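Below is one structure, written out as structure tokens; the observations come after it.
We number each residue from 1, following the sequence as shown. Worth saying up front: this structure is predicted, and the values here are computed from it rather than measured.
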Amino acid sequence: MSDYQMGVVESKFADIIWQNEPISSTELTKQSAELLKWKKSTTYTVLKRLCDKGIFQNNNGVVTSLISKEEFYSAQSEKFVEDTFKGSLPAFLAAFTARKSLTEDEVKYLRRMIADYEEE
């Protein structure tokens with residue numbers, strides 16, 4: 001995928017695809033009109049843009065993802081940490097926890113993740 005960014009509206013559109021794939025382009029147009037109030041031309045313009053980014057594909061009128069929603073947002077998160085914190089996850093966590101306290105369950109989950117990583 002060459003471009004990890006999607007705007008808010010593109011993300012809502014992408015969610016329609018991820019939730020319903022494989023989805024026919026006809027059904028995608030209907031859902032986009034209903035949920036996003038888009039015209040057919042807008043749907044196809046945005047779909048083409050996201051296909052060009054390597055996120056989705058449209059083969060013979062059937063739209064599917066090339067990467068999962070989880071993979072996409074994971075890649076976006078990595079890019080954010082890289083761009084904003086020079087790739088330092090500890091710096092990101094320090095900034096994050098300076099404004100928002102972690103719950104006891106979140107701390108346990110992070111400790112478990114670190115322990116699992118160390119075991120590998």
Side-chain angles (χ1 to χ4, degrees):
M1 182 172 55
S2 61
D3 188 353
Y4 294 117
Q5 297 187 7
M6 248 195 287
V8 173
V9 176
E10 287 177 325
S11 293
K12 289 179 182 179
F13 177 71
D15 283 339
I16 294 170
I17 298 170
W18 278 317
Q19 290 170 6
N20 296 285
E21 69 176 312
I23 185 170
S24 71
S25 55
T26 303
E27 181 60 26
L28 182 57
T29 301
K30 287 178 187 175
Q31 288 201 28
S32 296
E34 180 183 324
L35 299 171
L36 303 172
K37 310 299 184 224
W38 284 4
K39 295 180 181 178
K40 182 179 180 179
S41 60
T42 303
T43 298
Y44 283 107
T45 298
V46 176
L47 177 60
K48 181 177 179 350
R49 189 165 51 233
L50 296 180
C51 287
D52 290 346
K53 290 181 180 185
I55 300 168
F56 299 106
Q57 63 183 354
N58 183 2
N59 287 327
N60 299 319
V62 177
V63 180
T64 56
S65 63
L66 294 171
I67 64 168
S68 70
K69 181 177 182 176
E70 293 76 19
E71 290 170 321
F72 174 79
Y73 286 111
S74 177
Q76 267 202 322
S77 298
E78 287 176 34
K79 184 171 178 10
F80 175 78
V81 171
E82 185 62 41
D83 293 348
T84 310
F85 298 96
K86 298 180 183 171
S88 172
L89 188 56
F92 166 76
L93 287 172
F96 183 84
T97 57
R99 295 186 49 106
K100 181 186 181 292
S101 297
L102 295 174
T103 67
E104 188 176 320
D105 286 342
E106 289 170 329
V107 171
K108 287 178 186 176
Y109 181 74
L110 289 171
R111 285 186 177 138
R112 193 168 44 250
M113 284 177 53
I114 291 168
D116 290 346
Y117 177 79
E118 290 175 337
E119 288 176 8
E120 291 177 2

Take atom OH of Tyr109 as the centre, draw a 6.0 Å sphere, and report whether it contains more than 12 heavy atoms from other residues, nucleotides or ligands.
no

What do you reckon, is NZ of Lys86 surrounded by more than 12 foreign heavy atoms closer than 6.0 Å?
no

Taking atom NZ of Lys39 and atom OG1 of Thr45, what is their separation to the nearest 0.5 Å?
11.5 Å

Hey, any chance Leu66 and Ile17 share a hydrophobic cluster, counting ILVMFWY side chains that come within less than 4.5 Å of each other, even indirectly?
no

Nearest 0.5 Å please: distance from the OG atom of Ser24 over to the CG atom of Asn60.
12.5 Å

Is Glu71 reaching over with its side chain to a backbone N or O of Ser68, donor-acceptor style, under 3.5 angstrom?
yes

Report yes if some heavy atom in the side chain of Tyr73 is under 4.5 Å from a heavy atom in the side chain of Lys69; otherwise report no.
yes

First locate atom CD of Glu82, then atom OG of Ser77, and finally report the distance between them rounded to the nearest 0.5 Å.
13.0 Å

Tell me which one of Ile23, Asn20, Asn58 satisfies side chain to side chain contact (heavy atoms under 4.5 Å, CB included) with Leu28.
Ile23

So do Val81 and Glu78 actually touch side chain to side chain, heavy atoms under 4.5 Å?
no

Identify the heavy atoms of Met6 and Trp18 that sit nearest to each other, and give their distance.
CE-CH2, 3.9 Å

Among all residues two or more places apart in sequence or in another chain, which pass the salt bridge (Lys or Arg N to Asp or Glu O under 4.0 Å) test with Lys37?
none

Would Glu10 and Leu50 satisfy side-chain contact (heavy atoms from CB on, under 4.5 Å), going step by step from the backbone distance to the final call?
CA-CA 8 Å; Glu10 287 177 325; Leu50 296 180; 4.1 Å; yes

Going by heavy atoms in the side chains, are Gln19 and Gln31 under 4.5 Å from each other?
no

Less than 4.0 Å between a side-chain N and a carboxylate O, is that true for Asp52 and Lys48?
yes

Applying the side chain to side chain contact (heavy atoms under 4.5 Å, CB included) test to Thr43, which of Leu36, Ile16, Thr29 qualifies?
Thr29

Ring centres under 6.0 angstrom apart (Trp38, Tyr44):
no

If Ile, Leu, Val, Met, Phe, Trp and Tyr residues are connected whenever their side-chain heavy atoms lie under 4.5 Å apart, and connections chain through other members, are Val107 and Ile114 in the same group?
no

With Lys108 via salt bridge (Lys or Arg N to Asp or Glu O under 4.0 Å) - residues at least two apart:
Glu104

Interatomic distance, Cys51 atom SG to Lys53 atom NZ [nearest 0.5 angstrom]:
11.5 Å

In this structure, CG of Leu102 is separated from CZ of Phe96 (nearest 0.5 Å) by 6.5 Å

So which atom in Glu21 and which in Ser65 form the shortest heavy-atom distance, rounded to 0.1 Å?
OE1-N, 2.7 Å

Thr84: which residues meet the side chain to side chain contact (heavy atoms under 4.5 Å, CB included) condition with it, sequence neighbours left out?
Phe80

Closest approach of Phe85 to Ala95 (non-hydrogen atoms, all atoms of both residues)
CE2-CB, 3.6 Å

Looking only at non-hydrogen atoms, find the nearest pair between Glu106 and Thr103 and report the distance.
OE1-N, 2.7 Å

